[in-house]
Protein chains: 4
Amino acid sequence: MADAQGESFFERALANLAGAWRDIAAGAARTVGLNGAASLPHRPEAWRALMAECLAARGGEVSARLRAAELGQAYLELEGDEKRDFLEVLAHDFATDQEQVIERITAYVEATDAAARMAAEDDLRRALVPPRVKLLTQFNALPEGVKFLADLRADLLRIEGEDPYLRGLERDLRDLLESWFDVGFLDLRRITWDSAASLLEKLIAYEAVHEIQSWQDLRNRLDSDRRLYALFHPRMPEEPLAFVEVALVKGMADSIQALLDESAPAVAAEAVDTAIFYSISNTQKGLQGISFGDYLIKRVVQQLSHDLPRLKSFATLSPVPGLRRWLDRAGASTIAALLSEEEQGGVRALGGSDQLPEALLAILTRPDWWQDPVTATALKAPLLRLCTFYFLERRPAGDPIDPVARFHLRNGARLERINWLGDTSANGLRQSAGLMVNYRYIVDDIEENHEAYMQRGTIAMGPEVRTLAKSVRRIAA
Amino acid sequence: MADAQGESFFERALANLAGAWRDIAAGAARTVGLNGAASLPHRPEAWRALMAECLAARGGEVSARLRAAELGQAYLELEGDEKRDFLEVLAHDFATDQEQVIERITAYVEATDAAARMAAEDDLRRALVPPRVKLLTQFNALPEGVKFLADLRADLLRIEGEDPYLRGLERDLRDLLESWFDVGFLDLRRITWDSAASLLEKLIAYEAVHEIQSWQDLRNRLDSDRRLYALFHPRMPEEPLAFVEVALVKGMADSIQALLDESAPAVAAEAVDTAIFYSISNTQKGLQGISFGDYLIKRVVQQLSHDLPRLKSFATLSPVPGLRRWLDRAGASTIAALLSEEEQGGVRALGGSDQLPEALLAILTRPDWWQDPVTATALKAPLLRLCTFYFLERRPAGDPIDPVARFHLRNGARLERINWLGDTSANGLRQSAGLMVNYRYIVDDIEENHEAYMQRGTIAMGPEVRTLAKSVRRIAA
Amino acid sequence: MADAQGESFFERALANLAGAWRDIAAGAARTVGLNGAASLPHRPEAWRALMAECLAARGGEVSARLRAAELGQAYLELEGDEKRDFLEVLAHDFATDQEQVIERITAYVEATDAAARMAAEDDLRRALVPPRVKLLTQFNALPEGVKFLADLRADLLRIEGEDPYLRGLERDLRDLLESWFDVGFLDLRRITWDSAASLLEKLIAYEAVHEIQSWQDLRNRLDSDRRLYALFHPRMPEEPLAFVEVALVKGMADSIQALLDESAPAVAAEAVDTAIFYSISNTQKGLQGISFGDYLIKRVVQQLSHDLPRLKSFATLSPVPGLRRWLDRAGASTIAALLSEEEQGGVRALGGSDQLPEALLAILTRPDWWQDPVTATALKAPLLRLCTFYFLERRPAGDPIDPVARFHLRNGARLERINWLGDTSANGLRQSAGLMVNYRYIVDDIEENHEAYMQRGTIAMGPEVRTLAKSVRRIAA
Amino acid sequence: MADAQGESFFERALANLAGAWRDIAAGAARTVGLNGAASLPHRPEAWRALMAECLAARGGEVSARLRAAELGQAYLELEGDEKRDFLEVLAHDFATDQEQVIERITAYVEATDAAARMAAEDDLRRALVPPRVKLLTQFNALPEGVKFLADLRADLLRIEGEDPYLRGLERDLRDLLESWFDVGFLDLRRITWDSAASLLEKLIAYEAVHEIQSWQDLRNRLDSDRRLYALFHPRMPEEPLAFVEVALVKGMADSIQALLDESAPAVAAEAVDTAIFYSISNTQKGLQGISFGDYLIKRVVQQLSHDLPRLKSFATLSPVPGLRRWLDRAGASTIAALLSEEEQGGVRALGGSDQLPEALLAILTRPDWWQDPVTATALKAPLLRLCTFYFLERRPAGDPIDPVARFHLRNGARLERINWLGDTSANGLRQSAGLMVNYRYIVDDIEENHEAYMQRGTIAMGPEVRTLAKSVRRIAA
């Protein structure tokens, strides 16, 4: 079994397990193969054979894992369609054995007492776990194995299309990752300016809500009146799974530009009474559908409550990402109903059109409409009312149109306030017509809000929004 | 929802999550209840209701987990039969829904194309996962949740008997733990005299093979010519899952008493050429059947090879725990066949009986027979031959009688040597008739040995044992 | 310059600096020499030459330090008188240059203006620093160099006798260590049962006040109602310099046996109101005269105040180590004055002597006198009074006789209470006639107490002791 | 002693010691005073009184240190001339007591035997240590006390001028810092992209040799083929004292622009044979004159030799910072002697002047002269010869003119090579006429080179430079 250099596959593999592979998976030495990983023929038959060996645990379970790692390494070196070919072999050739399933279904149906039924049930359950699941588990032998699997799922989500086998494989992987990324395993860590530059660099790359412009911008977000918390898996200690950025302020923040202003002085610790969650990002495409946001927010609320007892309220400063698109499609009658005669006249005049929707959209299309005091004044009340109406609208399933609203309301937050010109960035104007909202988490109300929302679709509101909603409902009625 | 003290369940719960519960589960403050955990009525109806709430995720998933933690805490306070009552509620009332299973079986059987079948298969698989599994997962919210679950399984193994529901629950738990304790998640750590006393204390308690007599004895086992490695789960950083004790020696060690002699000087680093694994212990009853030993040995071989390149061989010094029992039952003809006339005469004379088995057992029953040179000389060759024969005997399933042999041979080791008077402790004489054996792990041969053993039952042997085995086979033939 | 093996002295030295020497100094490999350290002739001429090379910084300062380390290593291998020889070379041959001193004195005396005088003063100061001081500093290149120097001073203190050169060297070393062990550099660390066994083992060895009997005893002293803090130097992270043992109790503790009782349950955290410092130990002989105790106590008071706000008072439970010796010498008239007629009669009867001192000492010599209720009752009031009188007695310098009293009173504590039968161990009876006292640190009073004690010799007292003192003074007057 | 808030100075002080002051000194909360530190009158009398209290250790040594910390805090709040006032009080009013010095001089001179002389010597030495030194030591109670003292010295160096008292104070401080910053106490740490951003930010600020342009530039200097090591004091763990940047390359690097090119690929680990030290920076002005560079280089050579055994040579890539200034002043005859007729003609033509020095300098003043092939070719040989001659020139003290040369030659390096157009940055052209040199550290030769240089001024040279030097000497002779 020893090769020319007098080392066995196993020996090198053992040596590599903690060493080279770690580098390899880290991308540091992609060209160094294991047992000629580079030379593992990029052909389905070769993969299939190696997969079968892994599943048969040839040479023992430890050896099988080393082979699985080799296979995983080979996968990392594939490109484009080759990846699809590899995944198809895995998905098709190692799916459940239907004959066996049918056999066990028969046994289950025929079981006569509890003990026999339980045993048959267990047998059937195991028959329904495709062999490929074992192989997915074996990939955990790779250094950064969980990261490998998460990335594998990201590949699948991109590739799978309607292929039922690939989708089945993707579902298997999702189930495995959901179990392994159970929130009970995650660490909450505060990130500061004393954190590793290599980690901070990832935050810059991952932040999706309000892009981090520079190291200086990031530093500002880690200032004494800021907090940044991230969730980590113990086997991916250098990869944040999700992170939230918090500003400690006095009163409820109403403008993201004000929050991110690098030249603004830090708020004095003794003045702070509110924590504003102004950005929440998930980072791993391969963990799509496995939600960390709700848990992250509540853990951070708990942590901040403990560390800073003077904090009186916890709220987000969030975009209304579907507003503008909804406005684009809103009917003339809806808009007319929500605007007074005078307001309608104003919009028509400013928008240069007799048609109300066209006039409104014409204004909103101008990049600097909000900087003109007359226009801004004319639009403020109408847009706040339209936005309120938008929040009250439902999808066919009965839940709100706005995805951010769905997330926070489901978590038990209440819609606290709508902020006029809360985000005047190009993106804020394009998506949210410049509006931002605060969702407020009142710890005592979270359960009740959640239940009311889940069972009756009730949207919890703060006083300001409630007043707006009443007037909108009256008008719309 | 706020109680008399003006704090909601949730608020306290959040506060407790990282705080009090951690203590509670650690047993430090068993009497501090959560939401009156102490006052949670110890009645099946109360448990059932709370379990149902957890599964319904009332108040949101984070709240559900807090409730599950409360439930887990209540369980920790139960005693004796109450635990059984609790587990029965969980096992019976939250088992799979048979009607749903039958429904989905029907759908599966009727599926006509691959996509439909895949979807039906997935539905069926999910229907076969009993709701109680979700609750088990939610217990992970407990501080030291994985330890809680492992201990829960230890309780189940003790209690379950033949109850099919309890056994089903125990199997569910086993599957969950097997996934969560995948070796890919485990850390190998070297334990030294610089490790925490609280950890070392656990080793003293857990060591099962060669009891640690005192702190001084432990210190000796952590000396410069010793190594002790343990596997840890990242969520149980203070609980070794399995550990192995290694002596670095010159030549293959043949006596456990010599190894454990506190007064013996440490072997000089430059003389060392062999690593002897003289004790391997699993520590968690609740992880029974989830094997770490094979992985632990091979990881330590790898680690030692890397750290100490001068090491030339890796072997165990192991007991032969079934030998004496086997001797007790060995027939007169077997014994007679393996002893020369002269040897038979010697045994009869020393044992004071004409019957060969009785004479032999009479000698072995004397506590100090091995200290008498004449007796020892008379028994040496016969016992070595009998022991070799014992290793060659098979259970009906075709594998060796000796459980330690089964473990190491399956791992790919070879039976290297049988050591006369290798363990003269009371236990060593009682179980192994004073013999010990070396199983040797030759990295290059592990895969081949494993395959030969798994497929053909072949036992790999070192030259000495092979010679013995040949003579024994010739005699026995 | 390269030797037979092709490595230069320097190369090996560099390699050794962080490697072998560390081991060497740790005693792990005493036989491995540096540049044949083992073969450095154990002769004064060889040492002298190497010392001169170090001081001349031959080969540059880094090389000089490597040579100094070699020299230090050679010293570690010396035994008995050889050490004295070595130290004498260092002390005599590298003392100050008198001629140079006289020259600079002349320059100093003749300096006419401030600038010239300052320069001359600086020159003179430098001339007064003996060359050996530079060499002492160079020894800091040794791994654990500061530990080496502390141990060197311990050797000197043992050896020096009246030799003025050796005493000078010892003074130089003391000055250097005093600067390097400035309390501003020290770390206060809490030691727990989770600390390294190798560290805990040292506490067992170093504890001088109330010997630690076993690992179980130590564990009891690290229980939830105990604290143990130690001071460390950053370059001796494994060597505690001084440590204090604290019991968290309800009310002022009055018995050391009760405190150290392993079977006593831990005091509930919510009942605790007092921290009792029941043992303070200095560990390094070579740091004799460099005091850490005052600083240690006050840092721990601060730390505990912060961690446990419910603590209301901080006090010691201390021996009265000079009491018994003082009683042995106390005159009959002193004793008679402090005892009533009735008490005198009782003592005479129990002691079986007409002579009061003899009768009293006869009783105290019986090992179990305190277990006899009659005797104990008869002695209680007399001994408390005698002890109070003892505290009021002064040495010629005006300070108390009792060394422990001097330490705590100087620190600003007050003499709070005298505890009858506070220490009934053999040692407690032999030194302190079974009494113990509490010195209490009231943060607000510390400065005032210190000043009153330093300037006027005033002893601050708690109410009980003040009452005792008044009656004693009245009697004695 | 308690103030209005019911807290004593001491209590607050204790509380502050580890808390607020740490922040204060960190500049985080400059406005929070201690005992009204802000209100400590900024008047010499107030400082003098508090200094006297510190020295008298009123209230005990721990209290004195707290007062010293308060004083230090007050100092931190002073501005401009106030600092000078403060330092003058400290320098003048707490200088040595001349009368006492004279007294002890007398005692010393009159001492008749060794013991008396030793004692008198010790007394005199102590009398020569000004009281202010004790106060400097007490400042070590400040959080980051050593940083405070280093910064204090930086202030003094800026302020002192010719004032003999201030210079005396600065010398005292230097002696103290030299003892406390002994290299034996320093930690060598490798800095990587995984280091804290707050630390990396300091490197960007401190790098003085080749300015770090951006985070991207820094990242490039921490790439896989780079190393950056820094020295730290255990009490200033976030402040590098000195750091060195190293490039791992194949062959001796000859151009700093090539080394710092962010777009250049990393050198493959297996090709590397040379470590190039291309930047060494000292960071603390207050530690001026306390040299870390020699030690840093040799420790890094040792570390790299250990980590990367394939490294064959260690060299710097250094500027020739005095070359251009020397050329400006070089006489016509010197230049003429070193250039051939033809070369002289070329320079005259290109420089547009008949005068050789003027012509040469005219060329070198053009910012892009080196980009013109004709000019570059014409100047290469002449400049290399002139540079060699420059290295051979001596200052009156006998050592080389070039400061970088003095540093490395004294350390035992040899002048290996002169690199044409090694630094074509504006700064490199202005100072070094675009040349750079390699100083090579050959471990075996360091001691000999150092001794030859120190005793005879011999400059060790590599073969190329030796050849150049020979030709230059021949010409110049």
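Below, chain A is the first sequence line, B the second, and so on; all start at residue 1. The structure presented is a predicted model; accordingly, all values stated were derived computationally and were not measured.
Of the listed residues A:Val183, A:Asp122, A:Asp113, the one with more heavy-atom pairs under 4.5 angstrom with chain B than any other is A:Asp122. Of the residues considered (B:Gln303, B:Glu61, B:Arg126), B:Arg126 shows the highest number of contacts with chain A, using heavy-atom pairs under 4.5 Å. Across B:Ile102, B:Asn449, B:Val109, B:Val101, the residue that shares the most heavy-atom pairs under 4.5 angstrom with chain A is B:Val101. Chosen from B:Ala116, B:Ser179, B:Ser305, the residue pairing most often with chain A at heavy-atom distances under 4.5 Å is B:Ser179. When each of A:Leu124, A:Asp187, A:Asp445, A:Thr137 is checked for heavy-atom pairs under 4.5 Å with chain B, A:Asp187 comes out on top. Annotation: maximal heavy-atom pairing with chain A below 4.5 Å, among B:Asp182, B:Val129, B:Asp294, B:Asn411, occurs at B:Asp182.
The environment of B:Gln455 atom CD is dense: over 12 non-hydrogen atoms of other residues, nucleotides or ligands sit within 6.0 angstrom.
At distances below 3.5 Å, not a single donor-acceptor pair connects side-chain atoms of B:Arg67 with backbone N or O atoms of B:Cys54. In this structure a side-chain-to-backbone donor-acceptor pair under 3.5 Å is missing from B:Gln138 to B:Arg65. A distance-only check finds a donor-acceptor pair linking the side chain of A:His450 to the backbone of B:Gly60 [under 3.5 Å]. Looking only at distances, no side-chain donor or acceptor of A:Arg58 sits under 3.5 Å from a matching main-chain atom of A:Glu53.
For B:Ala57, the part sitting under 4.5 Å from any heavy atom of chain A is the backbone (N, CA, C, O) and nothing else. For A:Glu121, the parts lying near chain B are the backbone and the side chain together; criterion is any non-hydrogen pair under 4.5 Å. Neither the backbone nor the side chain of B:Glu162 comes within less than 4.5 Å of any heavy atom in chain A. Using a 4.5 Å cut-off between heavy atoms, B:Arg235 touches chain A through its side chain atoms alone. For B:His233, the part sitting under 4.5 Å from any heavy atom of chain A is the side chain, from C-beta outward, and nothing else. Contacts between A:Ile442 and chain B at a heavy-atom distance below 4.5 Å are absent for every atom of the residue. Heavy-atom distances place no part of B:Arg410 under 4.5 Å from chain A, backbone and side chain included. Neither the backbone nor the side chain of A:Arg167 comes within contact range of chain B; no heavy atom of the residue lies under 4.5 Å from a heavy atom of that chain. Of the atoms belonging to B:Asp175, it is side-chain heavy atoms, and not backbone ones, that fall under 4.5 Å from chain A. Heavy atoms of B:Ile297 lying under 4.5 Å from chain A are absent altogether.
In this structure, B:Phe185 and A:Trp180 have perpendicular ring planes: the angle between them is above 60°, well past the 30° mark.
By the side-chain contact (heavy atoms from CB on, under 4.5 Å) test, B:Asp123 pairs with B:Arg104, sequence neighbours left out.
The ring-ring contact (aromatic ring centres under 6.0 Å, His included) pairs that include a residue from residues 97-123 of chain B number zero, where partners must be two or more places apart or lie in different chains.
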### Task
Walk me through it: do B:Lys298 and B:Phe314 pass the test side chain to side chain contact (heavy atoms under 4.5 Å, CB included)?
CA-CA 10 Å; B:Lys298 289 171 184 170; B:Phe314 299 89; over 6 Å; no
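Electrostatic pairing of B:Glu178 and B:Arg174 counts as a salt bridge here, judged by a charged N lying under 4.0 Å from a carboxylate O.
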